[in-house]
Amino acid sequence: MSFCKEVREECNELWQASFDHPFVKGIADGTLALDRFRFYVMQDAYYLTHFAKVQAIGAVKAGDLETTKRFAHHAEQTCAAEMALHESFMKLLGVTKEDWAAFEPSPSAYAYVSHMYRSAEGDLADVLAAILPCYWLYYEIGENLKNAKPGHPIYKRWIETYGSEWFGELVAEQIERMDKLAEELPQARRRELKSHFRRSSYYEWNFWEQAWKKETWSVETFDKAGV
């Protein structure tokens with residue numbers, strides 16, 4: 001069994017949790033409150049800014065010019081296509097310059113980005129193992145929701161983007177590359193890469209959760225007398 005098939009099976013419960021999350025289901029049927037989606041879009045724009053930079057790190061760590069070219073292309077696609085999508089969402093959702101001036105990443109978004117940079121301290125396989133779940137999970141969600149009728153143009157466009165043919169081609173390319181990078185590695189090294197992948201899969205689920213809760217850095221109060 002290939003590396004990607006193995007790790008996808010091992011993370012199936014985590015991925016199913018993403019598929020079943022009320023945030024994702026709310027996009028599918030159009031019931032997701034726009035304030036939650038607005039929170040998500042701003043956090044995702046922050047995340048994607050750093051995702052593109054980690055892709056660029058992959059370009060630097062590549063062992064040949066063709067792979068460098070492809071990772072640079074992926075970074076460009078993130079900057080161009082994904083950010084253009086978010087810019088249109090910002091207008092539709094009424095996000096202002098003042099909103100951006102006051103923006104700060106949620107704890108979960110910050111942790112996910114930190115995990116990617118920490119993984120990227122390794123080689124190209126480490127980089128790709130950490131970023132692949134973002135590609136792959138979103139594509140599976142897009143495929144799962146292809147026949148959904150959310151009844152809202154912003155959710156319809158989101159689904160169409162991640163279930164599109166061009167995005168699927170990028171995902172397939174990175175899956176094939178990950179398998180080749182991991183093919184001859186010893187089991188201990190493969191476990192390290194699986195750990196990156198699994199943690200990113202957890203953070204993907206947690207990204208829906210932080211948007212659903214509109215997570216902040218505040219500390220919840222509790223009844224000290226009951227402790």
Side-chain angles (χ1 to χ4, degrees), residues 1-19 44 47-83 85 111-144 146 161-207:
M1 188 181 293
S2 72
F3 174 86
C4 286
K5 283 184 179 178
E6 279 185 12
V7 76
R8 173 65 182 85
E9 285 189 8
E10 290 170 11
C11 292
N12 188 60
E13 186 176 349
L14 269 174
W15 284 40
Q16 192 61 49
S18 277
F19 301 150
D44 202 39
Y47 168 82
L48 288 171
T49 298
H50 293 283
F51 186 82
K53 291 178 181 179
V54 175
Q55 289 172 314
I57 292 172
V60 172
K61 290 179 180 283
D64 59 89
L65 283 176
E66 179 59 26
T67 305
T68 295
K69 176 184 174 182
R70 292 308 302 165
F71 267 83
H73 173 71
H74 281 242
E76 182 182 20
Q77 288 292 301
T78 299
C79 293
E82 300 260 21
M83 299 311 290
L85 178 69
Y112 193 176
V113 166
S114 299
H115 158 65
M116 287 196 300
Y117 280 122
R118 177 67 180 271
S119 300
E121 292 174 2
D123 61 19
L124 183 62
D126 293 291
V127 173
L128 188 50
I131 66 176
L132 184 55
C134 181
Y135 283 92
W136 194 353
L137 177 70
Y138 269 66
Y139 180 65
E140 285 203 16
I141 288 174
E143 284 289 291
N144 290 344
K146 263 188 174 179
T161 297
Y162 295 112
S164 62
E165 184 177 346
W166 73 266
F167 189 64
E169 289 172 356
L170 293 178
V171 174
E173 176 192 340
Q174 294 291 52
I175 289 173
E176 182 180 359
R177 180 171 288 115
M178 186 74 251
D179 280 337
K180 287 180 180 178
L181 288 169
E183 190 173 18
E184 301 298 331
L185 295 177
Q187 286 302 314
R189 180 72 177 110
R190 287 165 70 97
R191 284 195 294 271
E192 290 177 350
L193 298 177
K194 285 181 178 182
S195 179
H196 297 329
F197 188 101
R198 189 177 301 107
R199 287 173 181 168
S200 291
S201 296
Y202 167 80
Y203 280 124
E204 284 296 328
W205 170 82
N206 205 36
F207 212 89

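Computed from a predicted model, the values in this text were never measured in an experiment.
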Is there a side-chain contact between [X] and [Y], using heavy atoms and a 4.5 Å cut-off?
X	Y	result
Glu140	Glu143	no
Glu6	Arg190	yes
Leu193	Met178	yes
Phe51	Val113	no
Tyr139	Ile175	no
Cys4	Leu132	yes
Phe71	Leu124	yes
Asp126	Glu121	no

So, taking the atom named [atom1] in [X] and the one named [atom2] in [Y], what distance separates them when rounded to the nearest 0.5 Å?
X	Y	atom1	atom2	result
Tyr117	Lys53	OH	NZ	5.0 Å
Lys180	Leu128	NZ	CG	12.5 Å
Trp205	Glu13	CH2	CD	11.5 Å
Ser164	Lys146	OG	NZ	8.5 Å
His50	Met116	NE2	CE	8.0 Å
Leu170	His74	CG	NE2	4.5 Å

Kindly indicate, with the supporting measurements, whether the criterion side-chain contact (heavy atoms from CB on, under 4.5 Å) is fulfilled by Val7 and Ser201.
CA-CA 10 Å; Val7 76; Ser201 296; over 6 Å; no
Carboxylate-amine/guanidinium contact Arg189 Glu192, below 4.0 Å
yes
Minimum heavy-atom separation for Pro133 and Ala129, please, with both atom names.
CD-O, 3.4 Å
Say whether, by atom type as modelled, one donor and one acceptor occur between the side chain of [X] and the main chain of [Y] under 3.5 angstrom.
X	Y	value
Arg198	Cys11	no
Asp44	Tyr47	no
Asp179	Glu176	no
Ser119	Val127	no

For His115, side chain to side chain donor-acceptor pair (under 3.5 Å) partners two or more places apart
Ser200
Going by the rule side chain to side chain donor-acceptor pair (under 3.5 Å), which residues pair with Tyr203 if we only count those two or more places apart in sequence or in a different chain?
none
Result of checking Tyr162, Phe167, Phe207 against Tyr138 for ring pair (Phe, Tyr, Trp, His ring centres under 6.0 Å)
Tyr162
Salt bridge (Lys or Arg N to Asp or Glu O under 4.0 Å) contacts in which one or both residues fall within residues 58-71, not counting sequence neighbours:
Arg70-Glu173
Using 30° and 60° as the class boundaries, would you call the ring planes of Trp15 and Phe197 parallel, tilted or perpendicular?
parallel
Just do the side-chain contact (heavy atoms from CB on, under 4.5 Å) check on Trp136 and Gln174 with the steps written out, would you?
CA-CA 9 Å; Trp136 194 353; Gln174 294 291 52; over 6 Å; no
